[in-house]
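For the numbers below, each heavy atom of this structure counts, side chains included, while hydrogens, waters and symmetry mates do not.
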Amino acid sequence: MNTWIFVVLLGSGLQGAAAVTHSLKYFDTASSGVPNFPEFVSVGLVDDVEMVHYDSNTRREEPKQDWMKKVTADDPQYLDTQTGIAVGTQQNFKANIETLKQRFNQTGGVHIFQQMYGCEWGEKTGSTNGFMQFGYDGEDFIAFDLQTLTWIAPKQQAVITKNKWDHNKAKIANDKQYLTQICPEWLKKYVDYGRSSLLTTERPSVSLLQKTPSSPVSCHATGFYPERATLSWRKDGEELHEDVELGEILPNHDGTFQMSAELKLSSVTPEDWSRYTCVFELSGVKEEIVTKLDKADIRTNGEKNMTVIIAVVVVVLALVLIAAAVVVFVVRKKKEAKCPPSDNSSELSEKLNPQP
């Protein structure tokens with residue numbers, strides 16, 4: 001659970017979505033004792049792109065994508081309905097925090113209660129999958145098993161809730177209907193509404209960077225969209241995990257994204273360099289971008305330093321030439337000042353006033 005606390009709320013997406021698999025996810029978060037943060041936030045995402053947002057400060061469901069205007073045009077009550085659901089969840093979650101504080105023998109402090117639920121849909125296969133789970137203070141609390149239609153309680157404090165919900169047949173029926181029917185139907189609608197933007201892809205430029213000859217080699221991809229992408233180092237086609245450090249996906253100013261993956265060279269022998277490749281995969285694009293580990297293609301700080309040196313040398317030479325020209329000009333003027341002027345008026349007159 002701690003992997004998604006506040007992450008979605010701050011606007012970061014999730015990685016690894018399959019190229020033909022779409023997802024609809026909702027993250028509801030109630031907090032207690034967190035300064036400068038709403039007591040309740042609800043975020044809805046399609047294919048990990050935020051589409052709607054609600055918080056206890058605005059108390060209003062707000063669309064976050066232009067294509068959501070089509071949804072509200074077809075269903076004018078959509079935002080009012082979703083706002084009502086969020087308000088009700090906000091009240092329930094606030095009470096849930098107080099209940100859990102008692103179960104965990106807690107009084108004050110910072111506490112977080114979250115729910116993540118939604119579904120996935122394979123556009124080509126037609127297969128669907130639903131999920132619903134709750135977390136408290138960054139750890140799993142209880143989760144719904146759609147196969148057995150029972151609740152899983154990883155903590156002793158959740159057993160009370162499990163027993164109560166397992167015997168609530170109406171709730172189980174409603175949860176099953178939502179996860180297997182209602183959620184996939186809405187997911188298909190959202191994908192159709194936002195297809196033009198959700199399925200837009202931009203391939204990145206990929207470079208190999210290195211600070212010093214002994215530093216790790218960084219494979220840097222920038223300018224890709226959407227952010228559902230992976231970057232990996234492979235040896236003989238098999239993905240490496242040791243000696244590899246993956247960076248986070250970061251936004252660019254133009255709405256695209258960038259990410260890096262570093263490979264430590266301590267375990268790479270010179271004769272094995274050709275066996276290593278950096279592979280970039282983007283959701284919605286079949287072709288991978290494969291970059292071989294080649295010294296000739298690595299950009300280093302040394303190159304930058306050499307460029308700076310060359311620029312400095314050029315500037316210095318230019319200044320020397322200017323100074324020399326000034327000296328020659330001054331000397332020539334002094335010599336001209338010592339010589340008497342010659343009468344060239346008639347010659348100039350003749351040149352400026354030629355005969356017809």
Side-chain angles (χ1 to χ4, degrees), residues 1-9 14 23-34 37-45 52-56 59 61 80-121 128-187:
M1 292 288 294
N2 55 351
T3 58
W4 43 270
I5 285 183
F6 297 136
V7 172
V8 175
L9 307 183
L14 308 176
S23 64
L24 173 59
K25 301 175 184 176
Y26 289 94
F27 291 78
D28 296 336
T29 301
S31 61
S32 174
V34 181
F37 195 80
E39 290 185 351
F40 180 79
V41 178
S42 178
V43 179
L45 305 99
V52 289
H53 178 99
Y54 170 93
D55 64 60
S56 54
R59 298 183 64 85
E61 189 90 0
D80 290 336
T81 301
Q82 297 301 313
T83 297
I85 294 174
V87 170
T89 304
Q90 174 183 334
Q91 296 172 349
N92 291 334
F93 275 31
K94 186 175 182 179
N96 288 339
I97 287 184
E98 295 304 317
T99 299
L100 292 178
K101 286 168 64 176
Q102 294 177 12
R103 291 191 191 177
F104 284 88
N105 295 321
Q106 299 166 333
T107 53
V110 174
H111 299 287
I112 307 292
F113 181 70
Q114 285 188 294
Q115 177 185 20
M116 180 183 72
Y117 65 98
C119 57
E120 295 178 336
W121 164 57
T128 61
N129 180 42
F131 45 87
M132 182 180 295
Q133 63 188 75
F134 295 81
Y136 182 63
D137 285 353
E139 296 183 357
D140 292 339
F141 182 73
I142 194 169
F144 187 56
D145 187 338
L146 190 56
Q147 302 300 319
T148 63
L149 299 181
T150 59
W151 289 87
I152 301 172
K155 289 187 173 296
Q156 183 63 35
Q157 291 85 350
V159 174
I160 299 176
T161 303
K162 168 183 166 56
N163 292 334
K164 180 180 179 181
W165 288 357
D166 279 347
H167 289 87
N168 190 339
K169 301 304 180 183
K171 174 176 172 55
I172 290 179
N174 289 336
D175 291 340
K176 178 184 177 181
Q177 182 184 24
Y178 175 80
L179 296 177
T180 60
Q181 299 179 32
I182 299 176
C183 183
E185 289 175 2
W186 272 103
L187 173 55

Between [X] and [Y], what is the shortest heavy-atom contact and its length?
X: H53; Y: V41; value: CE1-CG1, 3.7 Å
X: S31; Y: P38; value: OG-O, 3.1 Å
X: T83; Y: R59; value: CG2-O, 3.7 Å

Distance (rounded to the nearest 0.5 Å) between [X] [atom1] and [Y] [atom2]:
X: N92; Y: Q115; atom1: CG; atom2: CD; result: 10.0 Å
X: N96; Y: R103; atom1: CG; atom2: CZ; result: 9.0 Å
X: E185; Y: T180; atom1: CD; atom2: OG1; result: 9.0 Å
X: C183; Y: E120; atom1: SG; atom2: CD; result: 9.5 Å
X: M116; Y: D28; atom1: CE; atom2: CG; result: 11.5 Å

Is the shortest side-chain heavy-atom distance between [X] and [Y] below 4.5 Å?
X: F144; Y: L149; result: yes
X: T89; Y: F40; result: yes
X: I142; Y: W165; result: yes
X: F93; Y: T29; result: no
X: D137; Y: L100; result: no
X: C119; Y: T128; result: no

- Above 12 or not: heavy atoms from other molecules or residues under 6.0 Å from CD of Q82? yes
- Query: Just wondering, more than 12 heavy atoms not from K101 lying within 6.0 Å of its NZ?
  - Reply: yes
- With K162, which residues qualify under side chain to side chain donor-acceptor pair (under 3.5 Å), at least two apart?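 Expected list: D166.
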- Task: List for me each residue that meets side chain to side chain donor-acceptor pair (under 3.5 Å) alongside Q90, sequence neighbours excluded, and say none if there are none.
- Result: Y54
Output a table of donor-acceptor pairs, distance under 3.5 Å, between side-chain atoms of residues 171-179 and any protein atom two or more places apart or on a different chain; print 'none' if there are none.
{"from": "K171", "atom 1": "NZ", "to": "D175", "atom 2": "OD2", "distance (Å)": "3.3"}
{"from": "N174", "atom 1": "ND2", "to": "A170", "atom 2": "O", "distance (Å)": "3.2"}

- Query: What is the ring orientation for Y136 with F141, classed by angle as parallel under 30°, tilted 30 to 60°, or perpendicular over 60°?
  - Reply: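 Perpendicular, since the angle between the ring planes exceeds 60°.
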- Just do the side chain to side chain contact (heavy atoms under 4.5 Å, CB included) check on F113 and E98 with the steps written out, would you? CA-CA 10 Å; F113 181 70; E98 295 304 317; over 6 Å; no
